[in-house]
Protein chains: 2
Amino acid sequence: MSIAKRRLSPEASRGMALAAARDLLIESGPQSVTLKAVAGRIGRTHANLLHHFGSASGLQKALAAYLSDEVCGVIAQAIMKTRSGEGTVRDIVDLTFDAFDKQGAAALWSWMMLTGNEDALDPIVDAIHALVDDIGEGGHEDHEMHEDTLALVLMALGDALIGERLSGSLDLARNSARDMAERQLGHALERWQQEHEA
Amino acid sequence: MSIAKRRLSPEASRGMALAAARDLLIESGPQSVTLKAVAGRIGRTHANLLHHFGSASGLQKALAAYLSDEVCGVIAQAIMKTRSGEGTVRDIVDLTFDAFDKQGAAALWSWMMLTGNEDALDPIVDAIHALVDDIGEGGHEDHEMHEDTLALVLMALGDALIGERLSGSLDLARNSARDMAERQLGHALERWQQEHEA
DNA sequence: TTTGCTATTGACATTTATGTAAGTAACCTT
DNA sequence: AAGGTTACTTACATAAATGTCAATAGCAAA
């Protein structure tokens, strides 16, 4: 009696579902990422998602890993370009801030905190750690660099959540936080440079 | 057939409910702040909360206003002490960070973002704005001070959400973000001082 | 073509949060 | 002490999210 649709490979099916979940997260927030909504976006049923991900929290974990790779990949690429002289410090800042804002990392983190799904945070932390390894690849990985990275990520996350409302209330430009982060990171990079020469 | 409990004034009832909601928010996250859970904490029924707050989102808004006043009141007090020489810069930083972490402001903001209840954010923004007015009360309210305030709040929010996980992953002390904020705010205060004298 | 595997579906069950309505009883006023 | 106001409760209704299970059917291999 059922009208089964075209069969996809498990990988393809999971990939479409995760992309749809990411879009839903960015557009409408974590609460809108339900099995029914995600399934509807890719023309499937919620039972189908349960088949592929096992449970709703399984989908959450998979989405966290998916988003982390995507986000950190973009940022790592920008850092590489900067190191080779092709990009600017501002590029790193913008990409990091965009990752949390437009790419949904901030919304995801809120969701994980809300649902108390701590396991799902692991892939994000791992991805950021890998990102730091990338930055310090030139054999230069010290305490201060880790601190500056922490500051950059914290400000990016905070800005994604309340930047718009708060900067407006304080009569500041929307990109004030990015400007500050750029100045800070610029100083940090100069410092690293000097230490590297010494 | 009903065993009606002792009648409280609407104000007392609302106050107990809001305190219980705050505790629940801090202990178990936004998702645990339901009508049933809050009512259970104060020995009432969920219908009673609907009677006092009109709806679930009415409770959310009331909680936002309640938390904002509480949090910003504490911070404003610390700033006053610092201005009069009784407190340190570190006190301001610690109180701000605690407000978002231990007092639940970060969880509240995540909740508002999650539920898309933008109206509920108004009292928080207003409270922070009032806080800035307090800081600049000595007739000293300029662009840079607003920027430094923004940076402090953003880092406090980010640290409350991911500070523990991230600092651990980067082999940093849990209070690294607070140390950085303290240094930044210290420099800013010195700068204000110099400009004030000039 | 036939057979096996499994992606996919529809129907049902469960849980939980929110909301409505009517009745009960506590407290204040007169 | 009587009566009115309303805080409070129980019972019911509704909607949405998650999960289970058997049945169907697409696709590849034999």
Side-chain angles (χ1 to χ4, degrees), chain A residues 1-21 24-25 28-64 107 110-112 114-117 119-120, chain B residues 1-21 24-25 28-64 107 110-112 114-117 119-120:
Chain A
M1 111 209 305
S2 61
I3 307 177
K5 309 212 168 171
R6 198 162 78 80
R7 276 167 83 108
L8 295 177
S9 72
E11 298 75 32
S13 217
R14 284 173 61 99
M16 289 183 61
L18 290 174
L24 265 173
L25 176 70
S28 316
Q31 77 173 149
S32 67
V33 184
T34 64
L35 294 176
K36 187 182 175 185
V38 173
R41 282 229 167 182
I42 58 176
R44 303 280 139 114
T45 64
H46 83 277
N48 187 13
L49 293 188
L50 286 172
H51 171 69
H52 285 297
F53 294 97
S55 66
S57 97
L59 173 63
Q60 279 183 20
K61 291 181 191 173
L63 178 59
S110 300
W111 192 21
M112 296 302 128
L114 180 110
T115 57
N117 193 344
D119 296 346
Chain B
M1 116 209 299
S2 58
I3 307 175
K5 310 213 169 173
R6 198 168 137 259
R7 277 166 83 110
L8 296 177
S9 73
E11 298 76 35
S13 216
R14 285 174 60 100
M16 290 183 61
L18 290 175
L24 266 174
L25 176 69
S28 315
Q31 78 174 145
S32 66
V33 185
T34 63
L35 295 175
K36 186 182 177 185
V38 173
R41 282 230 167 181
I42 58 176
R44 302 282 138 112
T45 64
H46 85 277
N48 187 11
L49 293 188
L50 287 171
H51 170 70
H52 285 297
F53 295 96
S55 66
S57 96
L59 173 62
Q60 280 184 21
K61 290 181 191 174
L63 178 58
S110 299
W111 191 21
M112 295 302 128
L114 180 112
T115 57
N117 193 345
D119 296 347

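Residue numbers begin at 1 in each chain, while the letters A, B, ... track the order of the sequences.
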How many Å lie between [atom1] on [X] and [atom2] on [N], as a whole number?
X        : N       : atom1 : atom2 : value
Leu8(B)  : dA26(C) : CG    : C1'   : 11 Å
Leu24(B) : dA17(C) : CG    : C1'   : 15 Å
Lys36(B) : dT9(D)  : NZ    : P     : 15 Å
Asn48(A) : dT20(D) : CG    : C1'   : 15 Å
Arg7(B)  : dT24(C) : CZ    : C1'   : 11 Å
Gln31(B) : dA17(C) : CD    : C1'   : 12 Å
Arg44(B) : dA25(C) : CZ    : C1'   : 13 Å
Phe53(A) : dT18(D) : CZ    : C1'   : 16 Å

Could you tell me whether Ala56(A) contacts a base, only the sugar-phosphate backbone, or nothing, with contacts defined as non-hydrogen atoms closer than 4.0 Å? sugar-phosphate
* Identify whether any heavy atom of Gly43(A) sits under 4.0 Å from a base atom; if not, whether one sits that close to sugar-phosphate; answer base, sugar-phosphate or nothing. => sugar-phosphate
Which of Leu35(A), Leu49(A), Leu8(A) passes side chain to side chain contact (heavy atoms under 4.5 Å, CB included) with Arg44(A)? Answer is Leu8(A)
Think [X] has a side-chain N or O under 4.0 angstrom from the OP1 or OP2 of [N]?
X        : N       : value
His52(B) : dT6(D)  : no
His51(B) : dT20(C) : no
Ser13(B) : dC8(D)  : yes
Thr45(B) : dC8(D)  : no

Under a 3.5 Å distance rule, please check whether Arg14(A) uses its side chain to pair with a backbone N or O of His52(A) as donor and acceptor.
yes
dist Leu63(B):CG -> Lys61(B):NZ (nearest 0.5 Å) comes out at 13.5 Å
Rounding to 0.5 Å, atoms CH2 (Trp111(A)) and OG (Ser32(A)) come to a distance of 8.5 Å
The answer to which of Ser55(A) and His46(B) contacts DNA chain D further toward the 5' end, by nearest nucleotide, is His46(B)
Heavy-atom nearest nucleotide on DNA chain D taken for Leu50(A) and for Thr34(A); more 5' hit belongs to Thr34(A)
In sequence, state the C-alpha distance, the side-chain angles, and the governing distance for Leu18(B) and Phe53(B), and then conclude on side-chain contact (heavy atoms from CB on, under 4.5 Å).
-> CA-CA 10 Å; Leu18(B) 290 175; Phe53(B) 295 96; 4.1 Å; yes
